[in-house]
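Here is the structure we will look at, set down as structure tokens.
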Amino acid sequence: MTDILMPALSPTMEEGTLAKWHVKVGDTVASGDVIAEIETDKATMEVEAVDEGVIEELLVEAGAEGVKVNAPIARLSGGTTPAKSAPAADEPKAAKAEASGDPEKTSPAEAKAEQPDGDGPAAVRPKEALADPDIPEGAKLVKTTVRDALRDAMAEEMRRDDTVFLMGEEVAQYQGAYKVSRGLLEEFGERRVIDTPITEHGFAGLGVGAAMAGLKPIVEFMTWNFAMQAIDHIINSAAKTHYMSGGQITTPMVFRGPNGAASRVAAQHSQDYAAWYAHVPGLKVIAPYDAADAKGLLKAAIRDPNPVVFLEHEMLYGQEFDVPEGDDYVLPIGLAKVRRTGADVTITAYSRMVGLALKAAEELAGEGIEAEVVDLRTIRPLDHDTIVDSVKKTHRLVTVEEGWGPMGVGAEVIARVIEHAFDYLDAPPARVCQEDVPLPYAANLEAASLPSVEKIVKAAKAVCYRS
Amino acid sequence: MARAKQAAKTGGSPAETVESLSKDQLLGFYRDMLLIRRFEERAGQLYGMGLIGGFCHLYIGQEAIAVGVQSIQEKGDQVITAYRDHGHMLACGMDPQEVMAELTGRAGGSSKGKGGSMHMFSREANFYGGHGIVGAPAPLGTGLALANRYRDNGKVAFTYFGDGAANQGQVYESFNMAALWKLPVVYLIENNQYAMGTSLERSSSETHMYKRGASFRIPGEEVDGMDVLAVRDAAKRAAAHARSGEGPFILEMKTYRYRGHSMSDPAKYRTREEVDEVRKTRDPIEHLREQLERDGVADEATLKGIDAEVKRIVADAAEFARTSPEPDLSELYTEVYVEAAQ
Ligand SMILES: Cc1ncc(C[n+]2csc(CCOP(=O)(O)OP(=O)(O)O)c2C)c(N)n1
Ligand SMILES: [Mg+2]
């Protein structure tokens with residue numbers, strides 16, 4: 001007798017709905033027969049029998065939701081010996097909904113004049129202070145996944161401006177490899193939602209050309225790993241043309257897609273490109289954490305007259321957050337957000353690492369250390385005023401990033417703090433980042449390689465001289 | 001200088017017949033294809049159990065290609081492909097236990113668990129990966145051929161990529177250099193008619209992949225990739241061409257993948273009927289099995305014996321892959337750099 005188990009249909013799936021049975025008790029099945037249909041938030045899939053035998057019992061009713069991966073769903077008689085149960089494989093779990101501590105943004109401290117500005121990059125914040133738009137009194141907050149927030153941002157901007165269009169692999173008919181462009185083909189048609197062949201260097205270049213001619217392309221990379229094929233056009237064509245043409249030619253466009261490590265997809269598919277692109281003048285680089293920021297910043301990116309690199313995270317796509325209702329929620333590019341206030345240590349993070357930093361802050365609070373979590377949101381231009389203001393208050397700094405440390409985002413944050421708040425530091429800053437190796441596949445090595453709540457807590461305690 | 005041949009649509013009439021091959025050879029093809037099929041089915045099962053993570057691209061349906069081409073390779077010839085690589089590794093003679101243990105990310109895997117499904121290699125079997133980036137094998141394989149020419153060693157680089165990959169620019173940059181310098185490379189385009197959810201017709205202005213080398217004067221042929229003998233026959237001619245110094249050759253292997261692109265593909269872009277039709281009428285393993293029985297090469301008992309042997313090998317591989325320990329944590333930091341010899 002063999003148990004048929006609920007299969008995992010994707011690296012991040014933990015549970016699903018058993019939508020339909022195609023077999024009943026007493027049916028004989030052979031390897032390859034479709035026995036059931038399963039639904040996840042991404043897709044509906046058919047389940048094929050692997051062994052042959054007779055269905056003895058259906059253990060889960062059709063329509064059952066939340067069936068855990070690996071739970072027995074049916075029992076098969078005859079055939080091969082039952083599969084031995086797996087040893088704990090230490091699968092890193094897809095990030096559970098990470099708490100979105102959303103305290104009021106602290107007002108930047110007034111005292112800032114005494115520190116002489118170093119020779120490093122000047123504050124890039126424009127003259128008028130940037131601020132998130134106020135959410136109108138009584139405005140409805142709608143629980144929205146990051147995935148849908150990104151889709152809504154594109155749809156709203158495409159409704160508003162006919163020059164905006166989306167181009168990339170599997171964005172139209174397949175509805176997006178990660179279902180971010182779901183429904184856009186239906187609403188906007190083939191003229192504006194364009195499936196490309198697998199030819200990143202080619203279509204990124206086409207996008208830049210179309211932008212030069214006045215359109216506003218959104219170029220989706222299935223993941224940012226594949227944009228390495230296209231990096232020449234992102235940097236040499238998109239980022240530099242305005243400057244090289246003495247201001248005559250602009251390339252208003254967005255390059256977007258999932259960035260960073262998903263789950264167990266190994267070295268060639270798990271890289272954080274924030275530092276790579278943030279190195280380049282002419283580009284703006286955004287890496288949002290929650291759904292409201294994803295929406296408000298993607299809308300801003302589409303409206304921005306410059307090329308914008310927009311870094312999403314696959315592990316956040318399915319997470320829900322509050323998003324203000326309406327189609328006019330646009331956030332300023334270049335403004336960090338203080339997500340939790342605290343007086344003892346500043347933790348900077350972006351994208352998925354913000355969730356880890358907030359959890360670490362909770363743990364630290366339990367031990368009497370109040371951490372201030374600064375969500376960078378925009379990597380270039382970097383809002384160093386908010387970071388520097390925070391460090392002047394806490395006197396201690398931990399930077400968190402998913403990518404490698406050397407020459408990274410944390411290195412830049414620390415350089416800015418040293419340039420602008422050197423005298424305020426009470427301890428050398430610490431970096432939490434991916435270990436300095438290509439990301440390994442094995443579950444235990446992968447977990448050891450990536451930043452974790454534990455590593456952040458440890459680093460924060462170290463800069464507070466607590467053990 | 002040999003004149004470049006026109007792209008020709010041949011195939012369908014293999015020069016070899018069941019009669020001209022030895023019984024052992026024929027049974028070997030059957031066994032090797034069956035091993036890949038059963039191995040991949042088991043890999044799919046282990047994925048469902050959470051023992052394999054990340055992406056996992058199965059080779060089911062395409063077995064005749066790796067097995068047919070491998071059967072005419074000479075010792076020292078190289079193989080390189082993309083992420084749909086398990087079948088190629090088994091065909092190269094890599095140990096099924098090591099391959100399966102790499103899929104589960106264990107210390108006993110061929111890359112010690114550090115590479116995973118898409119990134120496997122074997123120096124011993126001259127298998128150069130296992131690459132996760134679509135299109136990358138084309139220039140890498142051409143570079144292997146450059147090394148062969150450089151050493152004048154008479155070896156051929158068998159370079160595989162998909163119909164979707166054939167749209168990457170680097171493929172044509174490679175074609176040009178390979179033809180210009182007469183490099184000993186055979187390009188095998190595994191045309192399974194889909195690149196993820198995009199059918200050939202929706203991605204390619206020229207859907208005949210064997211013609212893709214025409215503007216570089218690279219001859220090409222279309223081959224029934226579901227017939228191991230046809231594959232073998234075409235590969236033999238292409239390899240002879242490359243080995244004799246005439247330069248690259250393109251074989252478009254017409255094939256089909258039965259499963260989704262990877263484990264998480266709902267495959268809504270094609271009908272169940274389309275898949276079933278191919279399985280019923282063109283299955284490479286069934287096809288050979290019928291041929292062997294019909295021509296009296298093997299009786300049912302012999303074939304059953306092979307089935308049982310394959311089943312055992314796969315069960316052993318799965319067991320090894322489940323019980324092999326996770327890599328030691330110290331492995332995290334090793335092999336980033338080669339230690340320079342003192
Ligand atoms: C440069 C790059 N772009 C996109 C991807 C994502 N991707 C992986 S496989 C694939 C489809 C490739 O299809 P094909 O070449 O026909 O090979 P098949 O999967 O059919 O074997 C895509 C788009 C990738 N891995 N690398
Ligand atoms: Mg294909």
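In what follows, every chain begins at residue 1, and chains take the letters A, B, ... in the order their sequences are listed.
Residue B:G53 comes nearest to A:R264 through the heavy atom pair C-CB, 3.8 Å, listed as atom of the first residue, atom of the second, then distance. Shortest non-hydrogen contact noted between A:Y441 and B:E102 is CE2-O, 3.3 Å. The shortest heavy-atom contact between A:S449 and B:L332 is CB-CD1, 3.8 Å. When all heavy atoms are compared, the tightest approach of A:P438 to B:V336 is CD-CG2, 4.2 Å. The shortest non-hydrogen separation linking A:V265 to B:M118 is O-CE, 3.4 Å. Between A:A448 and B:L329, the shortest heavy-atom contact is CB-CD2, 3.8 Å.
Among B:R279, B:K112, B:E335, B:Q168, the residue with the largest count of heavy-atom pairs under 4.5 Å with chain A is B:Q168. Your options are B:L103, B:V275, B:L46, B:D276, and the one with the most heavy-atom pairs under 4.5 Å with chain A is B:L103. Ranking A:P7, A:A442, A:P440 against chain B, the residue ahead of the rest is A:A442, based on heavy-atom pairs under 4.5 Å. In terms of non-hydrogen atom pairs under 4.5 Å with chain A, the most contact-rich of B:S203, B:A195, B:G113 is B:G113. For the set A:E37, A:E46, A:E48, the entry with the most heavy-atom pairs within less than 4.5 Å of chain B is A:E48.
Within the 4.5 angstrom heavy-atom criterion, atoms from both the backbone and the side chain of A:L445 approach chain B. Heavy-atom distances place the backbone of B:T104, and not its side chain, under 4.5 Å from chain A. If you measure heavy-atom distances from B:Y269 to chain A, the contacts under 4.5 Å come from the side chain alone. For B:M196, the parts lying under 4.5 angstrom from a heavy atom of chain A are both the backbone and the side chain. At a 4.5 Å heavy-atom cutoff, the contact between B:Q170 and chain A is made by side-chain atoms alone. Looking at A:M6, the atoms closer than 4.5 Å to chain B (heavy atoms on both sides) all sit in the backbone: N, CA, C or O. The contact between B:K268 and chain A is made entirely by side chain atoms (from C-beta outward), counting heavy-atom distances below 4.5 Å. If you measure heavy-atom distances from B:L200 to chain A, you find no contacts under 4.5 Å at all. Heavy atoms closer than 4.5 Å to chain B are found nowhere in A:S270, neither backbone nor side chain. Proximity to chain B involves both the backbone and the side chain of A:V437, based on heavy atoms less than 4.5 angstrom apart.
B:R272 CZ: more than 12 foreign heavy atoms inside a 6.0 Å radius. More than 12 heavy atoms of other residues, nucleotides or ligands sit less than 6.0 Å from atom CD of B:E206. Other residues, nucleotides and ligands contribute over 12 non-hydrogen atoms within 6.0 Å of the CD atom of A:E186.
Residues of residues 196-207 of chain A that come within less than 4.5 angstrom of chain B, heavy atom to heavy atom, are A:P197, A:I198, A:T199, A:E200 in numerical order.
With values rounded to the nearest 0.5 angstrom, A:S263 atom OG is found 9.5 Å from B:F55 atom CZ.
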Check residues 127-138 of chain B and write down every donor-acceptor pair under 3.5 Å in which the side-chain atom is one partner and the other belongs to a residue at least two apart or another chain.
| from | atom 1 | to | atom 2 | distance (Å) |
| --- | --- | --- | --- | --- |
| B:Y128 | OH | B:R123 | NH1 | 3.1 |
| B:H131 | NE2 | B:Y128 | O | 2.8 |

Sequence neighbours excluded and cut-off under 3.5 Å, please list the side-chain donor-acceptor pairs for residues 167-174 of chain A, or say none.
| from | atom 1 | to | atom 2 | distance (Å) |
| --- | --- | --- | --- | --- |
| A:E170 | OE1 | B:T198 | OG1 | 3.2 |
| A:E170 | OE2 | B:G197 | N | 2.8 |
| A:E170 | OE2 | B:T198 | N | 3.3 |
| A:E170 | OE2 | B:T198 | OG1 | 2.9 |
| A:Q173 | OE1 | B:R202 | NE | 3.4 |
| A:Y174 | OH | B:D265 | OD1 | 2.8 |

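Residues that satisfy the side chain to side chain donor-acceptor pair (under 3.5 Å) test with B:R38, not counting sequence neighbours, are B:E41.
Ring-plane geometry between B:H119 and A:H269 is classed as tilted, the angle between the planes lying from 30 to 60 degrees on a 0 to 90 degree scale.
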